[in-house]
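Before any comments, here is the structure.
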Amino acid sequence: MDTIRITLPDGSTQQVPRGSTAAEIARRISPRLAEEALVARVSPALGSADGEELVDLRRPLEQDSRLAILTEKDPPALEIFRHSAAHLLAAAVLELFPDVKLGVGPPIEYGFFYEFLRDQRFTPEDLERIEAKMRELAAQNIPNERKLLPKAEALELYRKWGQGFKCELVEEKANEPMVSFYTTGKFIDFCRGPHIPSTGRIRAFKLMNVAGAYWKGEEGNPQMQRIYGACFFTQAELDDYLHRLEEARRRDHRRLGPELDLFSIQEEAGPGLIFWHPKGGLVRKLMEDWLREELLRRGYQLVFTPHIMRLDLWKTSGHTNFYRENMFGPMEVEKADYQLKPMNCPGHILIYKSRLRSYRELPIRLAELGTVYRYERSGVLHGLLRVRGFTQDDAHIFCMPEQIESEIEACVDFAFALLRTFGFDRYEVELSARDPAHPESYAGTAEDWARAEGALVNTLERMKIPFKKMEGEAVFYGPKIDVKLVDAIGRPWQLTTVQFDFNLPLRFGLEYVGEDGGRHQPLMVHRALWGSIERFFGVLIEHYTGAFPVWLAPVQAEVLPVSEKFTDYARKVTDKLIAAGLRAHLDDRNEKVQAKIRDAQLQKVPYMLVVGGKEAQAGTVSVRHRSKGDFGPKPFDEFLADLRREVDARVTT
RNA sequence: GCCGAGGUAGCUCAGCUGGUAGAGCAGACGAUUCGUAAUCGUCAGGUCGCCGGUUCAAUCCCGGCCCUCGGCUCCA
């Protein structure tokens with residue numbers, strides 16, 4: 001008999017008839033495995049993992065292969081599982097709304113979505129009905145079957161059915177004569193697969209919301225209704241995900257900001273513009289103090305530049321060509337156009353150009369907490385994280401080519417020091433290169449770009465920092481290194497950026513006199529570590545759930561007299577703390593201690609000092625910590641010294 | 001900018017498809033003088049996002065605009 005040889009992950013082999021399926025092999029191994037199997041991973045018997053692919057359990061195996069049968073224990077199976085859930089969603093929607101036009105339905109990070117075009121909108125009640133229908137179809141355990149059709153026949157099928165988007169997909173994606181389809185009951189979908197064998201296993205899911213999305217993500221295209229669902233192997237994992245969403249809501253800086261009186265956004269003033277209240281302003285001041293000191297220590301010089309400058313400057317820099325859609329419109333003053341600055345670089349360049357520079361001065365590192373204004377489309381604004389006016393901790397480094405790698409290294413090192421100081425210990429690094437397919441979106445020659453990208457790669461490799469290369473993510477004037485920090489609940493945030501620029505020095509004709517007495521062109525590095533103070537502050541609020549570490553807390557100790565009789569002693573304690581440079585506040589309201597504690601607790605004040613008769617007598621304070629609870633009485637001087645130490649050490653917990 | 005959902009007191013939210021609004025918390029005042037997450041009482045507080053229309057009458061219906069939220073696209 002014609003047999004093939006199957007090698008399993010444990011190294012054992014089986015001889016099976018040619019055309020056997022993974023499902024059959026699973027059954028031979030164990031009934032349990034057959035039951036749990038979701039999808040198969042096969043690769044040619046010999047050779048590398050290159051030919052590896054995921055296939056349906058029912059796909060016949062035609063040659064000697066290595067085979068792994070994937071179950072819920074194998075993470076790669078989750079994507080397939082979610083993709084099948086997307087098909088289940090589409091099948092349910094078609095049952096209830098047979099006239100919808102289908103778009104695409106891929107798995108996503110936490111589940112899946114499917115897009116539909118329909119005249120009426122899907123209401124929350126519709127979603128409930130759809131979810132119920134999905135559960136009904138899942139209970140019927142309908143098989144997901146793969147079919148092959150000639151391309152022409154496939155197009156004909158969709159044309160008759162009136163599924164124009166699907167025709168478009170078949171036209172574009174099918175480059176072989178036969179194209180694959182999957183059916184789930186009456187639902188038939190052009191799809192590469194693979195899928196799990198049947199719908200019965202899909203239980204732990206929940207339809208989340210419906211949102212508009214352009215067909216193929218392109219703005220000119222019709223807008224589909226995209227139904228999103230969360231989906232996991234088990235209910236426990238789904239619950240965990242929903243719990244994490246809840247946790248994220250609890251930390252939301254847009255809620256905590258006003259609650260803790262840190263900042264506000266005022267409709268009267270306009271969207272995307274931030275008002276820093278006294279407490280937020282104090283945190284910002286502390287952040288800035290740390291940064292300025294660190295900048296000076298690391299050889300930067302602090303500068304200040306105007307907020308509006310002649311439009312011509314922005315023509316020279318190339319912003320009017322490459323950045324116009326993010327700029328506020330120019331304003332006319334005495335017949336000249338002026339531009340509100342969207343970036344700080346031209347200002348720093350003018351300072352560089354203000355006199356002839358010698359190679360002996362380089363590198364010149366100009367730093368500014370520079371406030372910039374960018375026109376962001378209304379739909380993208382988001383609390384402190386995406387705004388129209390913000391302050392960058394910006395700096396531009398002018399240097400010679402042979403200094404570039406050490407400068408970039410110093411920037412990355414600075415960035416890591418900053419992350420540690422503010423309590424972040426996880427990060428991801430990305431290197432953004434240009435998109436070779438669209439050279440018109442970038443300034444400079446291909447050689448410049450290759451050299452610049454090389455310098456960034458060298459630096460990261462020398463520092464042994466793992467990174468992901470992202471093609472097409474570069475800014476118009478050069479490639480960049482971005483550092484994403486990962487917060488307390490595992491979310492990445494893009495903040496730090498270190499950008500290489502060989503373009504602006506050329507445009508502005510920057511030069512320095514070299515050792516040889518000749519004129520040379522310097523290179524430029526743009527870098528921002530927080531990125532924007534507003535954004536970083538937002539991330540900080542969420543990272544700490546508003547409970548800032550003591551060195552950053554707007555109020556470090558709230559003094560709570562037990563009754564009005566002890567206000568005098570409480571005031572003395574408060575004044576002494578303030579005189580020692582600490583941030584204390586006296587709660588002398590006519591309230592019970594319980595109420596004062598509750599309020600201080602809700603304001604996330606690190607230390608509450610309860611004082612009454614005993615304390616006044618002994619010169620102590622009863623210390624309560626916002627998360628560690630009651631510490632009991634402590635001599636006042638001792639508390640002050642402890643607090644001082646904690647602040648000076650910038651303890652981040 | 002686009003699609004969808006919203007906007008009622010400082011905050012969180014009620015308000016039965018039309019008869020100009022209510023609660024809790026916060027605030028002011030008074031009482032209470034209190035020991036580790038809310039003391040009691042009284043009072044005050046609203047062009048129901050803005051503008052226009054329909055109607056005897058609009059928080060409610062219609063149109064436009066502003067803002068917020070969830071996405072798309074874009075980004076520090």
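Just so it is clear: chains get the letters A, B, ... in the order the sequence lines come, proteins before strands, and each one is counted from 1. Only heavy atoms go into these numbers, but all of them, side chains included; no hydrogens, no water, no symmetry mates. Just so you know, these numbers come straight off a predicted model, no measurement behind them.
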Salt-bridged, [X] to [Y], with N to O below 4.0 Å?
| X | Y | value |
| --- | --- | --- |
| Arg82(A) | Glu79(A) | no |
| Glu430(A) | Lys484(A) | yes |
| Glu368(A) | Lys341(A) | yes |
| Glu172(A) | Lys216(A) | yes |
| Arg251(A) | Glu247(A) | yes |
| Glu288(A) | Lys285(A) | no |
| Glu534(A) | Arg284(A) | yes |

### Query
Is the Phe422(A) ring parallel, tilted or perpendicular to the Trp530(A) ring (thresholds 30°, 60°)?
perpendicular

Does [N] pair with anything, Watson-Crick or G-U wobble, both distances under 3.5 Å, and if so, with which nucleotide?
| N | value |
| --- | --- |
| C2(B) | G71(B) |
| G63(B) | C51(B) |
| A57(B) | none |
| G22(B) | C13(B) |
| A28(B) | U42(B) |
| G35(B) | none |

[atom1]-based separation of [M] from [N] [nearest Å]:
| N | M | atom1 | answer |
| --- | --- | --- | --- |
| C74(B) | G63(B) | C1' | 31 Å |
| G27(B) | C11(B) | C1' | 12 Å |
| G4(B) | C65(B) | P | 14 Å |
| G18(B) | G1(B) | C1' | 36 Å |
| C34(B) | G49(B) | P | 48 Å |
| A9(B) | A23(B) | C1' | 11 Å |
| A37(B) | C75(B) | P | 50 Å |
| G46(B) | G19(B) | P | 22 Å |

Is any side-chain N or O of [X] under 3.5 Å from a base N or O of [N], one able to act as donor and the other as acceptor?
| X | N | result |
| --- | --- | --- |
| Gln223(A) | C2(B) | yes |
| Arg377(A) | C75(B) | no |
| Tyr375(A) | G1(B) | no |
| Arg386(A) | C74(B) | yes |
| Gln594(A) | U36(B) | no |
| Glu615(A) | G35(B) | yes |
| Glu376(A) | A76(B) | yes |

### Query
Using centres under 5.5 Å plus planes under 30 degrees as the test, is Trp530(A) stacked with A76(B)?
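Trp530(A) ring does not meet the centre or angle cut-off for A76(B); no stack.
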
Touch class at under 4.0 angstrom, heavy-atom based, for [X] against every strand present:
| X | value |
| --- | --- |
| Phe566(A) | nothing |
| Val387(A) | base |
| Lys484(A) | nothing |
| Ala528(A) | nothing |
| Val610(A) | base |
| Glu534(A) | nothing |
| Lys614(A) | base |

### Query
When the nearest nucleotide of RNA chain B is assigned to Ala211(A) and to Gly270(A) on a heavy-atom basis, which residue is associated with the more 5' position?
Gly270(A)

### Query
Gly217(A) or Phe390(A): which one's nearest nucleotide on RNA chain B is closer to the 5' end?
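Result: Gly217(A).
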
Over how many whole Å does the gap from [X] atom [atom1] to [N] atom [atom2] extend?
| X | N | atom1 | atom2 | answer |
| --- | --- | --- | --- | --- |
| Trp215(A) | G71(B) | CH2 | C1' | 17 Å |
| His253(A) | U68(B) | NE2 | P | 12 Å |
| Glu325(A) | A76(B) | CD | P | 13 Å |
| Glu259(A) | C25(B) | CD | C1' | 12 Å |
| Leu381(A) | C66(B) | CG | P | 13 Å |
| Leu602(A) | C11(B) | CG | C1' | 13 Å |
| Lys592(A) | C34(B) | NZ | P | 10 Å |
| Leu385(A) | U68(B) | CG | C1' | 15 Å |

### Query
Just wondering, are more than 12 heavy atoms of other shown residues or ligands nearer than 6.0 Å to NZ in Lys572(A)?
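At most 12 heavy atoms, drawn from other residues, nucleotides or ligands, come within 6.0 Å of this atom.
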
Give a yes/no on whether any side-chain N or O of [X] is located under 4.0 angstrom from OP1 or OP2 of [N].
| X | N | result |
| --- | --- | --- |
| His526(A) | A76(B) | no |
| Ser378(A) | G1(B) | yes |
| Lys565(A) | C34(B) | yes |

Taking the side chain of [X] as its heavy atoms from C-beta onward, which of [options] lies nearest to it?
| X | options | result |
| --- | --- | --- |
| Ser563(A) | C67(B), C34(B), G1(B) | C34(B) |
| Arg598(A) | A38(B), U33(B), C75(B) | A38(B) |
| Val380(A) | A76(B), G1(B), A37(B) | G1(B) |
| Arg254(A) | U36(B), G70(B), A76(B) | G70(B) |

### Near-strand residues of residues 619-633 of chain A, defined as heavy-atom separation under 4.0 angstrom from RNA chain B
Ser622(A), Arg624(A), Asp630(A)

### Message
Rounded at 0.5 Å granularity, tell me how far NZ in Lys101(A) sits from CZ in Arg118(A).
### Response
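Lys101(A) atom NZ to Arg118(A) atom CZ measures 12.0 Å (nearest 0.5 Å).
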
### Query
How close do Ala248(A) and Arg491(A) get, heavy atom to heavy atom, and via which atoms?
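The pair with the smallest heavy-atom distance is CB-NH1, 3.8 Å.
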
#### Entry: Ring-ring centroid check Phe122(A) Phe97(A), cutoff 6.0 Å
yes

